[in-house]
Amino acid sequence: MYQYILKRVLLTIPTLLGAAALVFLLMRLIPGDICLVRLGGGGSSFDPRALANCHAEIGIDRPFIVQFLEFIWGAIRLDFGTSMWSGKPVIVEIAARLPVSLEIAVLATVVAVSIAIPLGTISALKQNSWLDVVVRVFAIGGIATPSFWIGIVSILLVLDISGWITGTPWMPPIDYVPFWKNPIANLSMVALPAITVGYRYAAVSMRMTRSAMLEVMKEDYIRTARAKGLINKLIINRHALKNALLPIVTLIGIEFAFLIGGLVVTEQVFNLNGVGRLFVQAVQNQDYTLTQALVMLTVAVFVFTNLAVDLLYAWLDPRIRFN
Amino acid sequence: MQAKKSLVTTLAAACFAVSIGHAAPAAETPKRGGTLTYMIPADAPPSLDGHREGTYATVHTVAPFYSVLMRVDPENPADTTRFVCDLCLEVPKPTDDGKTYTFKIRTGVKFQDGSPLTAADVAASWHEIIFPRKGVLSARANWYSMVDEVGAADATTVVFKLKFATPVFLPALADPYAFIYEQKILDADPHLYETHVMGSGPFRFVNYTIGQSIEGVRNPDYYHKGEPYLDGFKGIFAPKQSVRVDAIRSDRAAIEFRGLPPSARDELTKDLGDKITVQTSDWNCGNLITPNASRKPFDDVRVRRALLLAIDQWRGGPALSKIANVHTVGGIVFPGSPLAATKAELQQLAGFWPDIEKSRAEGLSFELLNRNVDQPYKFVGIWLVDEWSKIGVHATQKVVPTGPWFALMRAGDFDVVVEANCNSIVNPVLDTQKYLPHDVFVENYGYYKDPVEADLYEKMLREPDPTKLRTLMRAYEKQIIDVEAHEFPMLWWERIMVYQSYVKGWKIGPSHYINQDLADIWLDR
C-alpha cells in the first residue's frame with residue numbers, strides 16, 4: 001500500500017513540471033501585450049515611454065529563456081512571483097479568491113451528493129417505473145441546461161417574485177462575507193450558486209449512480225446475497241452501493257477539481273470574487289505570471305484529487321490494494 | 001481661457017444642453033448622512049496609483065480619497081471649458097507671456113495620517129507625473145511636454161514654468177488621475193501608492209478587498225465646507241453588466257458611474273418608474289475607423305474616401321442610439337467643445353455630406369478588424385459592414401480580444417480597424433493627437449505620413465488665440481477627414497446614467513473619469 005501511495009505521489013512531479021512548461025509556452029503564443037491592455041485598454045492615449053517602463057518593470061523585455069528558467073525555478077520553490085497586472089504576490093491574489101471558490105465547490109458537492117446518490121439509487125431500483133422516468137427527466141434537464149443559464153434565470157425569478165410579493169425586488173447580496181463573520185449574509189449569497197452548480201453536478205452523478213447500480217444489481221454476488229436470505233436494505237447498502245460507488249467517486253473527484261477554477265461564467269453571473277473570475281481576468285489581461293500560477297493550481301488540484309480518488313479506490317476495492 | 005468664452009462657446013454649450021435628455025435635477029437642500037453603495041464596472045484596478053494607471057477602475061476606486069490641484073466644476077461638469085480649484089485658491093492668470101503659472105495652495109489641509117498638505121506635496125506629485133524618476137511609470141507624462149519645471153516657491157505657492165505658451169496646459173492640469181500625494185512617502189517609496197491609499201480628499205480610506213470592494217468614511221477635516229454629505233461609501237466591483245443592472249434594480253447598489261446601454265435604461269425605467277433617475281450626455285469617447293495606409297488598396301486616398309463616403313452617419317446616429325451607446329455625429333473634436341465643428345462645417349467634409357446617395361461609389365473586399373467589446377464597438381462594426389455593402393464593398397468583420405487587437409494593430413497586420421479615442425478632460429488639442437501620423441504619435445495605427453497634418457498640430461499646440469485655434473482645428477480636421485481620409489471618426493458615444501432616484505447632487509459630465517470624488521452626493525431617504 002505504501003509503495004502504491006509513493007508511486008502515485010512521485011508521478012505528480014513530472015505531471016506538474018510538464019504542465020508548467022506547456023502553460024509558459026502557450027501563454028506566449030497568444031498575441032498581445034499586458035502593458036498595452038493596461039495603459040490603452042480604456043481607449044485613452046498614453047505616454048510611449050510609460051509602455052517601455054512597464055515592459056522593463058514586469059520583465060517581459062528579457063529573453064524568453066531567462067523568463068522560463070525563472071518561472072521553473074520559482075515553481076519548484078512554490079514561488080510564482082508577483083502578478084504582472086496588480087504587482088501583488090500571486091499567492092495573495094489567489095488566496096483572496098480561493099475561499100469563495102472552495103466554499104461554492106464544497107456546497108455544490110454537498111448538494112450534488114445528497115441529491116444524486118439517493119435519487120440515482122431509487123431510479124435504478126425502480127427501473128422503468130414512473131419514479132424512474134421523473135428522475136431521468138430531472139437528470140437530463142440538469143445535463144442539458146448550462147448552470148450559468150439556470151443562475152441567470154434564478155436571479156431573475158428571485159427579483160420578479162420578491163418584487164411581486166413585497167413590491168421591492170430583492171436579490172442575493174453581491175459582496176462576499178465569510179461564513180464566520182456573518183453566516184446569514186454568507187449563505188444567502190452562496191446558496192443560489194451552490195444550488196445551480198450542484199444541480200448540473202447532481203444530474204451527471206445521478207446518471208452515473210443509476211447505471212452503476214443497475215450493473216451491480218445484476219452481479220452474481222447480489223444474487224448470492226439474496227439467496228442467503230439477506231434483507232434488501234442490507235444488500236443495497238453493504239453490497240450493491242459500496243461497489244457501485246467506484247465510478248461515482250471518480251466523477252465526484254473530477255467535478256470537484258473542475259469547480260475550483262472552472263466556474264468562470266457562474267462566478268460572473270453571481271458576482272462571486274472567485275478563482276474562475278480571476279482566471280478570465282488574468283487571461284484577458286495577458287497576465288502571464290498569474291495565469292501560469294492559476295493553471296498550476298488547477299493542475300495541482302486535479303492531480304491531487306485524482307490521487308485522493310485513487311487512494312479511496314484502494315480503500316473501496318481490496319483488489320487494487322493487494323495488486 | 002475662461003474669460004475668452006465666445007459666442008461659439010455659448011452656442012456649443014447650448015447644443016450640449018440640448019443633447020442631455022434628462023436635465024440635471026434642480027437644486028435642493030442636501031441632507032447629511034447615509035452610505036452610498038455603488039458598482040465599479042471592473043474586476044479590480046491594476047494598482048491604486050492614479051499617476052501610473054489609465055483605467056477608470058482606478059479612478060472609480062480611489063478618487064474619493066484624494067485631492068487634486070484643479071478639476072472640472074462639480075456643479076457643472078458638462079461645461080467643457082470651466083475648470084475650478086480644488087487645492088488651489090484661485091485659477092491663476094499666466095505671466096511671463098503665458099509661460100508661468102503660479103498657484104496659491106490652501107492651508108489647513110491634512111492627509112489621512114495627520115500630516116499637513118503643503119505646496120511641496122503638490123509640487124512633488126506633479127514632478128512625479130511630469131518627470132517620473134527611473135523605474136516609475138507615469139501614464140500621461142506626454143501631456144505635459146510643454147512644462148519646463150515645476151516647484152514649490154514656498155509652503156503655499158507652486159510654480160509651473162513652461163517652455164512655450166499653450167492653451168492645452170490648464171485643462172491638462174485638471175486630469176482626474178493627478179492625485180496629490182505626500183512628498184515624504186514619494187521620497188521614501190514612490191511605489192507605495194500602488195498598494196496603499198494616503199490622501200486628503202473628502203473620504204478616508206477604511207478597507208479594500210481585492211476584486212471585491214472598497215470602503216471609505218467621511219473625512220471630518222475636509223476643506224470644502226459642509227462636504228462631503230455622505231457618512232461613507234462602499235464601491236463593489238462587478239464586471240458583468242447584468243449583475244450591475246440587477247443590483248440597481250434591487251437596490252443592492254444605487255448607481256454605477258460608467259454608464260449603461262439603452263436596453264438597461266429601458267428595462268430599469270420600465271420596472272421602477274420614478275424610483276429611477278436617468279441622466280444622459282455626449283461622451284468624450286468615439287470610435288474611429290483606421291484604414292491601414294501601408295497596405296494596398298488603402299494607400300490610395302480615393303479608396304479611403306470611397307469607404308468614408310459610403311457611411312451615412314446622419315441616419316445611422318438616431319437608429320444606432322436605440323441599441324448602442326452612440327449618439328451624436330461629430331468630427332474629431334468632442335461635440336460639446338467650442339473647438340468642435342458645427343453641423344454646417346461638418347457637412348463640408350467627406351463622409352458627412354447631407355446627401356448620402358451622392359456620396360456612394362462601387363466595389364472592394366477587405367477584413368474589418370474589431371475589438372471583442374459589445375458596447376459600442378461590435379454594434380458600430382456591424383453597422384459599417386452594412387453601410388459598405390450598399391456600395392458593393394464586401395467587408396468581413398474579424399472580432400478579437402483586446403490583447404490580440406492591439407498586437408495586430410501594432411504589427412500593421414490588418415486592412416481596416418475599428419478603434420476608439422476616449423479621453424477624460426475635454427482638451428481638444430491633446431485629445432486629437434491620436435490622429436497624428438504614426439511617425440509622430442506611435443499610438444496611431446494608420447501608418448500614413450503627413451507632414452502637413454503634423455505641422456498644423458504643432459501650430460495648434462502653440463496658438464493661444466481661441467479664434468485662430470478654432471480655424472487651425474478646422475484645417476487639421478479637414479486634412480485628416482476630407483483631404484486624406486486617414487481616419488473616419490464615427491458617432492460620439494452616449495453616456496447613459498441610470499440610478500436610484502434617492503441619489504442626489506451628482507451631475508453628469510462628458511467622461512466617466514471626471515467628477516468622481518463623491519463629495520457632492522447626498523441621499524434623499
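Side chains included, hydrogens not; waters and symmetry mates left out as well; all remaining heavy atoms used.
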Can you tell me which portion of [X] sits under 4.5 Å from chain A's heavy atoms? Options are side chain, backbone, both or neither.
X         : answer
Pro45(B)  : backbone
Leu48(B)  : neither
Lys134(B) : neither
Phe237(B) : both
Ile236(B) : side chain
Pro401(B) : neither
Glu419(B) : neither
Ser242(B) : neither
Gln212(B) : both
Val373(B) : neither
His191(B) : side chain
Trp143(B) : side chain

Portion of [X] that has a non-hydrogen atom of chain B nearer than 4.5 angstrom:
X         : value
Leu51(A)  : side chain
Val280(A) : neither
Ile155(A) : side chain

Under the side-chain contact (heavy atoms from CB on, under 4.5 Å) test, which residues partner Ala191(A), sequence neighbours left out?
-> none
Output all residues satisfying side-chain contact (heavy atoms from CB on, under 4.5 Å) with Ile91(A), sequence neighbours left out; order by chain, then residue number.
-> Pro89(A)
Which of parallel (below 30°), tilted (30 to 60°) and perpendicular (above 60°) describes Tyr38(B) and Phe233(B)?
-> tilted
Charged N to carboxylate O under 4.0 angstrom, Arg249(B) versus Asp160(A)?
-> yes
Quick one: do Glu128(B) and Arg133(B) make a salt bridge, cutoff under 4.0 Å?
-> yes
If we define contacts as heavy-atom pairs under 4.5 Å, which of [options] has the most with chain B?
options                                  : result
Ser86(A), Pro173(A), Ala52(A), Ser162(A) : Pro173(A)
Met171(A), Gln268(A), Arg97(A)           : Met171(A)
Ile30(A), Leu159(A), Val92(A)            : Leu159(A)
Leu36(A), Val37(A), Asp33(A)             : Leu36(A)

Would you confirm whether the ring centroid of Phe257(B) sits within less than 6.0 angstrom of the ring centroid of His512(B)?
-> no
Is the NZ or CZ atom of Arg140(B) positioned over Tyr177(B)'s six-membered ring, under 6.0 angstrom from the centre and within 45° of the axis?
-> yes
Measure from NZ or CZ of Arg410(B) to the centre of the six-membered ring of Tyr445(B), then state whether that distance is under 6.0 Å and the direction lies within 45° of the axis.
-> no
Donor-acceptor pair between Tyr176(A) and Glu103(A) side chains, under 3.5 angstrom | yes
Rounded to the nearest 0.5 angstrom, the CG-OG distance for Leu259(A) and Ser147(A) is 8.5 Å
Could you have a look at Pro239(B), Ser47(B), Ser138(B), Gly54(B) and say which one has the most heavy-atom pairs with chain A under 4.5 angstrom?
-> Pro239(B)
